[in-house]
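See structure below.
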Amino acid sequence: MYSLIGILAVALLILILFQLAKAGEYLGLLKGEKEANDRNNQVQATLFLGTLVFGMIGIFWSAWYYSDAFLFLRTPASEHGGAVKNMYFWTLGAILPIFVLTHALLFGFAYIYKKDDSKLSFYYPENNKLELIWMAVPAVVMVFLVLEGMRNWLKIMGPVPEDRTVLVIEATAQQFKWDLRFSGLDGKLGGKSVQLMDPENGNPWGQDWDDKANYDDFFAKDSIVLPVNVPVLVKINSLDVLHSFYLPDFQVKMDAVPGIPTQFWFTPIKTTEQRRVELNQPDYNYELACAELCGKAHFNMRRELFIVEQDQYEDWVKRQEPLYKTLKASASLEEEVEESDETIAAEY
Amino acid sequence: MASTDINVGTHTHDDHHHDHHDDHHEELNFFTKYVFSQDHKIIARQFLVTGVLWAVIGVAFSVLFRLQLGWPDESFPILETLLGGWAEGGKLDPEFYYALVTMHGTIMVFFVLTAGLSGTFSNLLIPLQIGARDMASPFMNMLSYWFFFIAGVIMLISLFIQTGPASGGWTAYPPLSALPTASSGSGLGMTLWLASMSMFVVSSLLGGLNYVATILNMRTKGMTMMRLPLTIWAFFFTAVLGVLSFPVLLSACILLIFDRHMGTSFYLSDIWIQGELLTNSAGEIIEGGSPILYQHLFWFLGHPEVYIVILPAMGIVSHVMATNAKKPVFGYHAMVYSIMAITVLGFLVWAHHMFLSGMNPFAGSVFTLFTLLIAVPSAVKVFNWITTLWKGNINFTPAMMFSIGFVSLFISGGLTGIVLGNPALDIGYHDTYYVIAHFHIVMAMAAGFGMFAGIYHWFPKLFNGRMMNANMAYLHFWVTFIGSYCIFWPMHYLGEAGVPRRYFSFSEFDFANGFADLNIFISVAAIVVFFAQFLFIINFFYSIFAGKKMEKLNPWGSNSLEWTTPIVPGHGNWVGKIPEVFRWPYDFSKDGHEITPQTTSEKDLEDIPAVKRIPTR
Ligand code: HEM
Ligand SMILES: [Cu+2]
Ligand SMILES: [Cu+2]
């Protein structure tokens with residue numbers, strides 16, 4: 001009902017405006033076309049100038065107002081985040097002055113050179129020197145940005161430096177959730193294949209039970225926990241459609257592609273605790289999201305991520321239960337079951 | 001032998017051009033004149049009116065999903081009235097939200113900004129501005145429109161089917177788009193989407209080949225390539241882009257159809273869905289395909305497509321600006337070469353949409369180079385437009401307003417392209433609202449403004465010498481210009497905060513949830529801009545039938561050939577001879593002559609006294 005009234009009101013408004021506009025047309029004829037036209041040029045030119053001034057104020061004020069939320073203006077939460085942040089400032093440094101300058105010229109010229117019937121434009125069809133300048137300057141800037149960008153990109157995408165120990169984990173996406181597998185004590189993820197999947201018989205991710213490396217692999221239950229300052233290599237894959245492994249705080253994003261494993265490595269350098277203090281938000285959490293449209297609940301594939309000190313991480317790992325063990329236990333109903341149940345009840 | 005109202009074939013001086021109109025039938029009934037017309041001007045109208053109608057639908061969809069994003073907790077009974085089961089209790093169903101987003105993107109990019117823009121103005125202006133009686137093949141030209149029409153009908157049908165239209169995004173990435181079990185829009189809706197797009201590709205190929213052939217072969221005497229208006233150069237390269245890249249989209253669609261219906265696995269591999277391993281009808285496991293292959297094929301069209309959308313707008317803006325500033329386009333040659341450079345580079349950058357698709361990162365860095373290099377010809381164009389205004393004598397016609405707006409939008413959106421083209425930065429911004437802001441400003445809004453500029457400028461040529469109401473147009477301009485910035489500028493801030501695109505609701509995530517005020521602001525702006533478009537629509541349809549009649553042959557003081565035709569040009573455009581051309585179209589304010597039409601020879605010029613005005617220095 002309200003919407004109907006609203007729409008009718010808008011329709012009425014538009015009709016009135018239309019009538020006014022038509023009336024204006026005739027009025028213009030009465031007053032003399034030339035005079036009406038001059039007046040109009042003056043009005044439009046002034047409006048352009050106003051747009052320039054108030055537009056720029058609005059743009060910079062609103063950017064400042066929302067700057068708390070800008071991820072790049074926070075201290076980086078991951079090691080490569082720092083390098084990317086520099087890149088960000090280089091790029092902004094290149095584009096913001098151009099943005100202001102070109103707009104000042106565009107709207108400024110529109111204002112200054114509005115029609116004046118006593119004048120003729122300046123016939124100025126070409127100047128190759130000018131063309132060369134505004135080709136060469138952007139080209140040089142672009143080459144610099146490309147080189148810096150490539151250097152960073154290849155470093156981020158390249159292998160983990162050999163002298164660093166890396167924690168390998170695996171993220172498996174499906175409609176509509178993320179499952180994170182850790183390699184357990186042996187530091188190795190066991191083999192896995194969709195063709196081995198058998199959820200009814202306790203193998204919902206298709207782990208290969210012939211591969212002993214699988215015996216201690218576990219899936220993070222509630223939250224995902226990672227140690228600070230340790231490079232984490234995430235092997236990413238999907239069971240059904242495309243998804244994208246997205247950690248906004250860490251500048252991490254990579255598609256999960258069925259049939260084609262992808263990966264991304266990063267080093268968290270801020271624990272959840274530190275982040276909370278820094279942002280002064282006691283219940284701040286790092287979040288894992290999906291960034292590739294994957295169906296109707298795409299917007300709802302959340303996991304929480306905790307970055308903790310190394311020893312806390314180890315405690316957490318100890319409390320996790322490998323799938324293999326659970327399976328074994330339920331298959332033969334051994335006594336161990338009870339005791340492991342208690343330890344699962346985790347703080348995280 | 002000759003057609004009714006014109007006297008063709010006998011007096012044309014350009015004998016070396018074949019004249020196709022000798023065999024025209026005498027009497028045209030309503031159907032052959034307005035429906036199955038082969039007159040390029042009527043076909044242009046058909047493209048335009050169809051495009052405008054699609055624009056209303058496409059933009060209305062965006063208002064529907066902006067309601068959800070602005071007021072996620074509110075319920076809107078009107079939605080249930082309009083959409084029935086798709087919005088039970090006045091709240092959009094997520095599945096239908098994605099269907100709306102998908103249809104919005106597809107309709108706006110292909111039906112409005114490709115067919116509606118390039119279809120309209122290439123058809124209208126190519127023959128009129130190069131001095132030809134019609135297209136090289138008027139019949140193919142007619143087919144081009146009707147294939148577009150069929151594409152539209154199929155898409156329209158898909159809006160009304162039980163399982164809903166396609167809902168996998170305008171990019172339709174498989175496996176989502178390949179598996180009916182993955183989403184209800186991937187069923188019949190997707191089949192219809194693919195059928196529609198295939199028809200659309202045929203339409204744009206028929207059109208494009210015709211445009212290229214016409215421009216290369218049918219220019220009037222004296223119209224050398226370097227005397228072509230920049231509009232024509234833009235349409236030429238647009239057509240080249242389309243002809244070379246649309247077939248790749250067709251092949252992507254065909255392979256997808258195979259995967260969907262014939263058990264092939266071009267794009268599919270190792271898929272477990274709905275509790276089952278995906279097999280073909282023979283029970284064999286589907287494996288070995290690559291979803292990334294589809295992305296390569298799609299973006300091999302997809303990126304050129306964004307230039308297919310923007311180049312015509314650039315051409316229109318260049319022409320309109322020079323005409324209304326009464327000053328030559330600055331750096332005509334540089335403008336032509338930069339369009340050429342954009343066309344070439346446009347084919348070498350597609351994978352910047354795929355930095356994080358799992359593609360080899362080294363390939364990503366090569367694409368970075370070409371991507372950022374494209375900023376160079378773009379910068380050249382911007383500086384040339386600005387210099388065109390410098391020391392001009394600007395008459396702010398509605399078309400001029402939209403042209404200036406276009407340049408502003410193109411700058412704002414182009415600059416964020418430089419951010420996104422850097423893969424290290426794209427890690428954060430990819431698939432966030434930053435990308436939405438980028439491409440809506442640089443493509444959607446800018447090309448829309450180019451289209452408005454074109455409509456306001458050439459309306460008298462499109463519709464029998466009638467003009468649109470200028471006061472309405474100014475109001476339309478200002479609300480749309482300020483409003484578009486209000487819609488899309490704040491999306492940069494959402495992107496800076498990492499808020500992902502294609503989210504039905506932000507409430508599930510703390511990092512995305514704190515922007516209720518911004519989202520309301522954006523939605524309100526979107527609704528205002530939507531309603532402001534009726535200022536245009538009413539003006540448009542009213543003026544077709546009752547607009548003020550144009551009094552002069554050449555209302556804007558233009559130099560190009562289209563204004564030498566009669567107020568209501570018949571099929572064949574010129575009565576008698578096609579005029580000969582002696583100069584480029586931008587001799588404005590030269591040697592004391594404010595305008596010097598292309599048809600004025602040096603000798604004619606001697607007889608025209610120079611105006612007594614102070615030349616700006
Ligand atoms: C300065 C030149 C430009 C550069 C460097 C550039 C760069 C980019 C990049 C890297 C992306 C991918 C972002 C992502 O998905 O993460 C992108 C997206 C896009 N750009 Fe540009 N761009 C430029 C100009 C343009 C122009 C002129 C247009 C259209 C007229 C355009 C239209 C688009 C569209 C439609 C998308 C998004 C498609 C989608 O994902 O749905 N861009 N641009
Ligand atoms: Cu998703
Ligand atoms: Cu692109």
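Residue numbering restarts at 1 for every chain, and letters A, B, ... go by the order of the sequence lines.
Under the 4.5 Å side-chain criterion, counting only non-hydrogen atoms from C-beta, A:E131 is in contact with B:N384. A heavy-atom distance below 4.5 Å is not found between the side chains of B:D270 and A:P258. Between A:Q195 and B:E287, some side-chain heavy-atom pair lies under the 4.5 Å cut-off. In this structure, the side chains of B:F362 and A:W153 stay at 4.5 Å or more apart for every pair of heavy atoms. For the pair B:I78 and A:I7, the minimum side-chain heavy-atom distance is below 4.5 Å.
In this model, a donor atom of one side chain and an acceptor atom of the other lie less than 3.5 Å apart for B:Y474 and A:N40. One side chain, B:N395 or A:N41, offers a donor N or O that lies under 3.5 Å from an acceptor on the other. Remark: the A:Q281 side chain and the B:D510 side chain contain no N/O donor-acceptor pair separated by less than 3.5 Å. No hydrogens or angles considered: a donor-acceptor pair under 3.5 Å links the side chains of B:W478 and A:Q44.
The part of A:Q175 that comes within reach of chain B is its side chain, from C-beta onward, which places non-hydrogen atoms under 4.5 angstrom from that chain. Looking at A:A83, neither its backbone nor its side chain comes within 4.5 Å of chain B, counting heavy atoms on both sides. Both the backbone and the side chain of A:A45 come within less than 4.5 Å of a heavy atom of chain B. Residue A:L154 touches chain B through its side chain alone, counting heavy-atom pairs closer than 4.5 Å. In this structure, no portion of B:M354 lies under 4.5 Å from any heavy atom of chain A. Only the backbone of B:A325 comes within less than 4.5 Å of a heavy atom of chain A; no side-chain atom from C-beta onward does. For A:N37, the part lying near chain B is the side chain, with the backbone staying farther off; criterion is any non-hydrogen pair under 4.5 Å. Of the atoms belonging to A:F250, not a single heavy atom falls under 4.5 Å from chain B. Contacts of A:P248 with chain B are made by side-chain atoms alone, with heavy-atom separations under 4.5 Å and no backbone atom involved. Contacts between B:V419 and chain A at a heavy-atom distance below 4.5 Å involve backbone atoms as well as side-chain atoms. Contact annotation for A:I59: both backbone and side-chain heavy atoms come within less than 4.5 Å of a heavy atom of chain B.
Proximity of a side-chain donor or acceptor of B:K327 to a complementary backbone N or O of A:S121 within less than 3.5 Å is not detected. Remark: the backbone N or O of B:F515 is not paired with any side-chain donor or acceptor of A:Y66 at under 3.5 angstrom. The backbone N or O of A:A69 lies less than 3.5 Å from no partner atom in the side chain of B:E496, so there is not a single donor-acceptor pair. For A:E287 (side chain) and B:F511 (main-chain N/O), a donor-acceptor pair under 3.5 Å exists by modelled atom type.
The CG atom of A:L242 sits 12.5 Å away from the OH atom of B:Y267 when rounded to the nearest 0.5 Å. In this structure, CG on B:L475 lies 12.5 Å from CZ on A:F18, to the nearest 0.5 angstrom. Put simply, OG1 on A:T51 and CD1 on B:I482 are 4.5 Å apart, with the number rounded to the nearest 0.5 Å. One distance of note links CG of B:L372 with CZ of A:F144; it measures 12.0 Å at 0.5 Å rounding.
The ring pair (Phe, Tyr, Trp, His ring centres under 6.0 Å) check on B:Y337 picks up nothing, with sequence neighbours excluded.
Note: A:Y124 and B:W390 have perpendicular aromatic rings, judged against thresholds of 30 and 60 degrees for the angle between ring planes. Using the six-membered ring where Trp is involved, A:F299 and B:Y503 have ring planes that are perpendicular, over 60° apart on the 30 and 60° scheme.
B:P94 and A:K296 make their closest contact through CB-O, 3.5 Å (heavy atoms, listed as atom of the first residue, atom of the second, distance).
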Side-chain donor-acceptor pairs under 3.5 Å in residues 106-116 of chain A, sequence neighbours left out?
unit_1	atom_1	unit_2	atom_2	d
A:K114	NZ	A:Y111	O	2.9
A:D116	OD1	A:S118	N	2.9
A:D116	OD1	A:S118	OG	2.8
A:D116	OD2	A:S118	OG	3.4

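Atom CE of B:M467 has more than 12 neighbouring heavy atoms from other residues, nucleotides or ligands inside a 6.0 Å radius.
Taking the ring centroids of B:Y493 and A:F70, they lie under the 6.0 Å cut-off.
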